[in-house]
Amino acid sequence: MQNNIDIPDELIKILRGAERVAVLTGAGISAESGVPTFRDAQTGLWAQYRPEQLATPQAFQRDPRLVWEWYTWRRNLVSAAKPNPGHRSIVIMEKRVPKFTLITQNVDGLHQRAGSQVVVELHGNIERNKCSREGIIRTPDAKDKGIPPRCPACGSYLRPDVVWFGESLPEQALERAWRASGNCQVFFSIGTSAVVQPAATLPLIAQEAGAIVVEINPGETPLSRQVDHHIDGPSGLVLPEMVTQTWPES
Ligand code: BV8
């Protein structure tokens, strides 16, 4: 056991023989890549807003420029960020577990950049834009310097292709997340405060279906009392340790 991260032996044994594993990640897994977590205090201009006030259709309706500029600030942060050992450990898990499903609440695309082949994006992806009227994925004209830019097809504002509060999640993604959570033997909840619905129900669906539920998070969350194992620590440290102990040859 290095860097005093204690991974339960029982979990290593189960994980080594597991056929079906599901992982749910939240903003915490990107914290060590320098991407502030969703509920961390926003910095600079954004310190005066709570994310829940900006990530809504109403906010965009009221002040499209402000919301677009918040996403531009976050996009710049994300594009400068690099995947960290936590993201890379999940790539190894995907290779080692026959039926592995990665479900993320994150919109930063860091799992894909780390090499995860299959990523179920519950809340969309900040790197994509869509027409705010038709919902079709669109790329703004390079010449369009508007803030926000306009949809090249219909002239409505473009918006980030993310799920805002009060909006429904992409049906297919949610279906896949529900199915994987209801069929897995081990479910990991990693770096999420476990408050945003419907993602926060996934570990409970897994537990209902008989899976071992493991939370990796520094400090407690509302889920901590219900899980089989709470491993307290940063995912960038815990995950590499867990993967090395489970698959020493990896
Ligand atoms: C829905 C994309 C059906 C945007 C996000 C009233 C009206 C309507 C809906 C609701 C309502 N009241 C409640 C709801 C439901 C609402 C909700 O859950 N609200 C919450 C605030 C209670 N949900 C919705 O609206 C969802 N849609 O319900 O549709 C519907 C439709 C119409 C009408 C009614 C119902 C949509 C939710 C999706 C919102 N979009 N993101 C964007 O990013 O800009 S959610 C946002 O929160 C991010 O995706 C983020 O990932 C997610 C969850 O947060 P976390 O990932 O957990 O991040 P957080 O900062 O909270 O926590 C970080 C954790 O990391 C902490 O635990 C910390 O300890 C840990 N950590 C820190 N460092 C590390 C670490 N862990 C590991 N390692 C480290 N180093």
Side-chain angles (χ1 to χ4, degrees), residues 3 5 23-43 46 49-60 66-78 81 83-90 102-111 119-130 159-171 173-174 177-178 188-204 214-225 227 230-242:
N3 52 46
I5 297 281
V23 171
L24 171 69
T25 61
I29 195 160
S30 297
E32 288 154 277
S33 296
V35 180
T37 65
F38 210 70
R39 279 163 194 76
D40 264 357
Q42 308 234 72
T43 51
W46 307 110
Y49 302 96
R50 281 181 333 104
E52 284 85 359
Q53 289 170 292
L54 293 168
T56 70
Q58 295 75 11
F60 188 70
L66 177 80
V67 173
W68 182 267
E69 288 181 328
W70 180 50
Y71 280 93
T72 302
W73 176 68
R74 291 174 62 196
R75 281 172 169 143
N76 294 336
L77 269 179
V78 162
N84 66 60
H87 295 106
R88 287 198 289 277
S89 301
I90 288 177
L102 171 57
I103 305 156
T104 190
Q105 300 172 91
N106 298 342
V107 296
D108 57 30
L110 285 175
H111 283 302
V119 185
V120 178
E121 292 183 317
L122 288 182
H123 297 158
N125 189 308
I126 202 169
E127 292 155 337
R128 292 190 301 262
N129 289 304
K130 65 182 180 185
R159 54 163 282 186
D161 180 30
V162 297
V163 179
W164 279 331
F165 288 98
E167 291 185 323
S168 307
L169 276 61
E171 231 155 82
L174 199 47
W178 275 331
F188 286 91
S189 175
I190 302 172
T192 177
S193 56
V195 295
V196 171
Q197 296 298 349
T201 54
L202 295 174
L204 308 179
V214 184
E215 179 180 53
I216 298 174
N217 195 82
E220 303 265 305
T221 72
L223 184 68
S224 301
R225 277 184 311 286
V227 299
H230 171 86
I231 305 175
D232 197 296
S235 45
L237 266 186
V238 172
L239 284 171
E241 186 58 33
M242 185 184 79

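Just follow the structure's listing: the first ligand is 1, and inside any ligand the first atom is 1.
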Can you find a protein heavy atom closer to [atom] than 4.0 Å?
| atom | answer |
| --- | --- |
| atom 26 (C) of ligand 1 | yes |
| atom 7 (C) of ligand 1 | no |
| atom 13 (C) of ligand 1 | no |
| atom 77 (C) of ligand 1 | yes |
| atom 1 (C) of ligand 1 | yes |
| atom 48 (C) of ligand 1 | yes |
| atom 34 (C) of ligand 1 | no |

Any idea which protein heavy atom is nearest [atom], and the distance to it?
| atom | answer |
| --- | --- |
| atom 4 (C) of ligand 1 | Val163 O, 3.5 Å |
| atom 64 (C) of ligand 1 | Gly191 O, 3.5 Å |
| atom 59 (P) of ligand 1 | Arg39 NH1, 3.4 Å |
| atom 42 (C) of ligand 1 | Arg74 NH1, 3.5 Å |
| atom 67 (O) of ligand 1 | Asn217 OD1, 3.0 Å |
| atom 29 (O) of ligand 1 | Glu167 O, 3.1 Å |
| atom 74 (C) of ligand 1 | Gly28 O, 3.5 Å |
| atom 28 (O) of ligand 1 | Gln197 O, 4.1 Å |

Test of understanding: given a 4.0 Å heavy-atom threshold, classify the contact between [X] and ligand 1 as side chain, backbone, both, or neither.
| X | value |
| --- | --- |
| Val196 | both |
| Ser235 | both |
| Leu54 | neither |

Is a side-chain N or O of [X] found less than 3.5 angstrom from the main chain of [Y], in a donor-acceptor match?
| X | Y | answer |
| --- | --- | --- |
| Asn106 | Gly26 | yes |
| Ser33 | Val35 | no |
| His123 | Gln105 | yes |

Show the numbers, then the answer: is there a side-chain contact (heavy atoms from CB on, under 4.5 Å) between Glu241 and Ser89?
CA-CA 9 Å; Glu241 186 58 33; Ser89 301; over 6 Å; no
Which atom names give the shortest non-hydrogen contact between Leu122 and Ala199, and what distance separates them?
CD1-CB, 3.8 Å
What do you reckon, does [X] put a non-hydrogen atom under 4.0 Å from ligand 1?
| X | result |
| --- | --- |
| Gly166 | yes |
| Pro218 | yes |
| Ile190 | no |

Distance (rounded to the nearest 0.5 Å) between Asn129 CG and Trp68 CH2
4.0 Å
Ranking Gln105, Glu52, Glu32 by closest non-hydrogen atom to atom 52 (C) of ligand 1, top hit is Gln105
Does the side chain of Ile29 reach to within under 4.5 Å of the side chain of His111, using non-hydrogen atoms?
yes
Do other residues, nucleotides or ligands put more than 12 heavy atoms under 6.0 Å from the CD atom of Gln197?
yes
Pair Glu215, His230: side-chain N/O donor-acceptor within cut-off below 3.5 Å
yes
I'd like to know whether the aromatic ring centres of Trp70 and Tyr49 sit less than 6.0 Å apart in this structure.
no
